[in-house]
Amino acid sequence: MTARLRFSPAPTGYLHVGGARTALFNWLYARRVGGTFVLRIEDTDADRSRPELVEAIYDSLRWLGVDWDEEYHQSDRFEAYREVAQSFLDKGLAYYCDCSQDDVKARVGDKGAGYDGHCRQRDVQPGEGVVVRFRTPDEGLITWDDLIRGRVEFDATTLEDFIIVRSNGVPMFHLANAYDDYDMGITHVVRGEDLVNTTPRVILLREALGATEHPIYAHLPLIVNEQRKKLSKRRDDVAVGDYRSRGYLPEAMRNYLVTLGWGPKDDIEIRPLVEIIEQFDLADINKAPAFFDVKKLDHFNGEYIRELDVDEFITQSTPYINDAYGSIDPALYRRLAPFVQERVRRFDESPRFINWIVATPPEPTEKDWRKVMQKDKVPEVLDLVIEQIEAAEWTPERMSEIILGAGEQLGVKSQLPVRLALTGQRSGIPLFEPMVELDREVVLNRLRTARAAL
RNA sequence: GCCCCCAUCGUUCAGCGGCCUAGGACGCCUGCCUUUCACGCAGGUAACACGGGUUCAAAUCCCGUUGGGGGUGCCA
């Protein structure tokens, strides 16, 4: 039998890195074993689901290179869910209940064990404010062998009679989810650990459906923030789309995500996707939650950026450049880009490196000024450089000779003061090649201004 | 409250009873390269939460403690 896996997001928000990793692990495994990867949009809650978010989820998934073989929307399948609910009703596996949430709370208290089974024998008829509840067993053990967690057991007495159809007639997620996995022949369910507690319900529902076998479950450890809490779309900055627009490469994101909860046997973390697919196995995923470390992501991204062809780097970084400076001369950027590519970890860092060429350089910080300009012989260096530059041949070679020569002549290091005068910063791309992109007068002006400020 | 889960360097992955004086990566620090920065290279820093067992032998197995997390919706 060929493996069938699915990613089933609810379109109630943008795809965040946790969901992306879940999708990725499902996809990786499907690709690894030559199985089928299904995308199923779980939009049973019309109040919270938004169609435009479905588009956003597609975008993020595609960006990451996660492609799907089949696609379903639960909102298209309500009829089937209602039929299932009706058949449960007919068989006595489910019953109508007209208790309001307040009624239940009044009987069992605030922190009680959920619903108390009040309507089990009351023979409530369908109508306004009436839900359908699934009759859970009063005793017994519900168990499964989780690929990641090992054997998991739940005592049936801890399970309440949960709702499968809302009072507005719309099926609840458990029902839709259980039926779809059954109907679609899903063989491996790989999802976040926050869903372990719902697994017993799903198993019960499947059995009611007549399933004799269950999929293999694998509950992934959560991705957490620095406070070690589950990532939240509201609190944490985690939308995949945001990383995309900040200038992360999908390859880097994908590669980094895969190292959260899993690692290749040979310890080589940054590697081509095909090799990851070859090595990936659900059984090797660990149980402990993992912190999403942007610093490490940045490192991965930097590695991937440096591996790019210059042309590719240019096309990818140009939008950020144009965004910062308006449209700049492509030929100029082509000359500068190789220097930038070696230094950035994200595309959105690119503009900063050429600010002194295409715009006004920033004011040096006081600290930088002190550390660089209040050194011995700095006035002499600047004077010498200004003097020689006035009539020099305008080539990088000459610039190098003049600037470095001044230092040699005076017995000090001369690049830093010139750099600070010209760029306003102590660090950045090389000086000599880029500076001849500037007009001689601009260079002299910056030099003279700095000299005057000493 | 109740149910469930987790626990190796700051972070992440490795380790699945002896190969561990615990390894890789990120971060951080040092040096080399370079008259900037970055890259690269060479080093360094730093962890088995605690307490009991089991065993000839435990980071690895068992129990407890502590700490952390998830769930507990007519959300998914």
Side-chain angles (χ1 to χ4, degrees), chain A residues 8-13 19 42-45 47-49 74 97 99-101 109-114 129-133 146 148-149 152-155 157-160 162-174 176-177 191-200 219 221-222 224 226-230 256 258-270 284 286-300 302-303 306 339-345 353 372 400 403-404 406-408 412-420 423 425-431:
Chain A
S8 47
T12 56
E42 305 218 328
D43 51 356
T44 51
D45 184 359
D47 292 344
R48 304 202 319 148
S49 298
Q74 290 189 329
C97 165
C99 299
S100 72
Q101 293 172 77
D110 258 9
K111 289 288 173 202
V130 174
V131 300
V132 179
R133 285 185 186 274
D146 198 286
I148 296 170
R149 263 138 236 288
V152 183
E153 300 188 344
F154 277 85
D155 190 330
T157 56
T158 66
L159 259 35
E160 59 177 313
F162 55 93
I163 295 174
I164 55 176
V165 181
R166 300 174 172 86
S167 58
N168 63 5
V170 174
M172 291 271 295
F173 129 88
H174 297 112
N177 184 275
R191 21 125 80 153
E193 193 211 289
D194 50 340
L195 293 170
V196 254
N197 300 266
T198 74
T199 305
H219 286 93
L222 261 17
V224 297
E226 42 279 271
Q227 281 83 239
R228 296 255 129 209
K229 299 239 196 287
K230 179 170 107 163
Y256 174 64
V258 111
T259 66
L260 256 26
W262 180 82
K265 284 274 173 280
D266 58 11
D267 271 344
I268 300 170
E269 293 181 314
I270 298 182
D284 296 333
N286 57 203
K287 303 186 242 232
F291 168 62
F292 188 82
D293 186 0
V294 183
K295 279 201 177 142
K296 188 155 179 178
L297 204 214
D298 282 348
H299 174 258
F300 275 44
E303 296 271 318
R306 268 173 262 120
F339 301 128
V340 178
Q341 181 174 10
E342 286 178 54
R343 274 153 261 258
V344 294
R345 295 156 83 96
F353 285 95
V372 174
S400 169
I403 295 166
L404 298 187
E408 271 163 33
V412 292
K413 289 194 176 177
S414 53
Q415 187 183 153
L416 231 28
V418 176
R419 171 177 290 276
L420 197 70
T423 75
Q425 300 143 97
R426 297 178 61 194
S427 64
I429 58 176
L431 206 49

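In what follows, every chain begins at residue 1, and chains take the letters A, B, ... in the order their sequences are listed. All of these numbers come straight from a predicted model, not from anything done at the bench. In what follows, every heavy atom counts, from backbone to side chain, and hydrogens, waters and symmetry copies are set aside.
Nearest to the side-chain atoms of Leu260(A) among the listed nucleotides U36(B), U12(B), G70(B) stands U12(B). Distances from the side chain of Lys265(A) to the nucleotides U11(B), C3(B), G15(B) place G15(B) closest. Taking only side-chain atoms of Phe173(A), from C-beta outward, the nucleotide of G70(B), U36(B), A76(B) with the closest atom is A76(B).
Using a 4.0 Å heavy-atom cutoff across all strands shown, Pro221(A) reaches no nucleic acid atom at all. Using a 4.0 Å heavy-atom cutoff across all strands shown, Asp284(A) reaches sugar-phosphate atoms only and no base atom. Looking at heavy-atom distances under 4.0 Å, Phe154(A) makes contact with sugar-phosphate atoms alone, never a base. Across all strands, Gly129(A) comes closer than 4.0 Å to base atoms (heavy-atom distances). Note on Asn286(A): only backbone sugar-phosphate atoms sit closer than 4.0 angstrom, heavy atoms only; bases stay farther off. Contact annotation for Glu42(A): backbone-only contact, meaning every heavy-atom pair under 4.0 Å involves sugar-phosphate atoms and none involves a base.
For Glu408(A), the salt bridge (charged side-chain N to carboxylate O under 4.0 Å, His left out) criterion is met by no residue, not counting sequence neighbours.
For Arg48(A) against C75(B), a side-chain N or O and a base N or O form a donor-acceptor pair under 3.5 Å. For C74(B), its base sits under 3.5 Å from the side chain of Ser167(A) at one donor and acceptor pair at least. Side chain Arg306(A) to base C39(B): no donor-acceptor pair is found below 3.5 Å.
Looking only at side-chain heavy atoms (C-beta outward), Arg191(A) and His219(A) come within less than 4.5 Å of each other. Taking the side chain as every heavy atom from C-beta outward, Pro221(A) and Lys287(A) never approach each other to under 4.5 Å. Side-chain contact between Ile164(A) and Arg133(A): absent, with no pair of heavy atoms (C-beta onward) separated by less than 4.5 Å.
Using atom P as the reference point in both C6(B) and G10(B), the two lie 22 Å apart (nearest Å). Comparing the same atom, C1', in A58(B) and in G51(B) gives a spacing of 15 Å after rounding to whole Å. Spacing of P atoms, C48(B) relative to U55(B), comes out at 26 Å, to the nearest Å. Using C1' as the reference atom, U65(B) and A25(B) are 33 Å apart when rounded to the nearest Å. Here, C4(B) and C63(B) have their P atoms 14 Å apart, quoted to the whole Å. Taking atom P on both A22(B) and U60(B), the two are 16 Å apart, rounded to the nearest angstrom.
Atom OH of Tyr256(A) and atom C1' of U12(B) are 7 Å apart (whole Å). Atom-to-atom, CD1 of Ile403(A) to P of U34(B) comes out at 19 Å; the value is rounded to the nearest Å. One can place CD1 of Ile164(A) at 14 Å from P of C75(B), the figure rounded to the nearest angstrom. Going from atom CG of Leu195(A) over to atom C1' of C75(B) covers 11 Å, rounded to whole Å.
By the 4.0 Å N-to-carboxylate-O rule, Glu193(A) lies close enough to Arg149(A) to be salt-bridged with it. Comment: Asp45(A) engages Arg48(A) in a salt bridge, judged by a side-chain N to carboxylate O separation of less than 4.0 angstrom.
Across all strands shown, A42(B) is found opposite U30(B) as a Watson-Crick or G-U wobble partner, with both distances under 3.5 Å. Within the shown strands, G71(B) is the pairing partner of C2(B) under the Watson-Crick or G-U definition, both distances less than 3.5 Å.
Put simply, CG on Asp155(A) and OG1 on Thr157(A) are 3.0 Å apart, with the number rounded to the nearest 0.5 Å.
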Between N or O atoms, less than 3.5 Å apart, protein on one side and nucleotides 21-26 of chain B on the other: list the pairs.
residue: G24(B); atom: N2; partner: Glu269(A); partner atom: OE2; Å: 2.8
residue: A25(B); atom: O2'; partner: Glu269(A); partner atom: OE1; Å: 2.7
residue: A25(B); atom: N3; partner: Lys296(A); partner atom: NZ; Å: 3.1
residue: C26(B); atom: OP1; partner: His299(A); partner atom: NE2; Å: 3.3

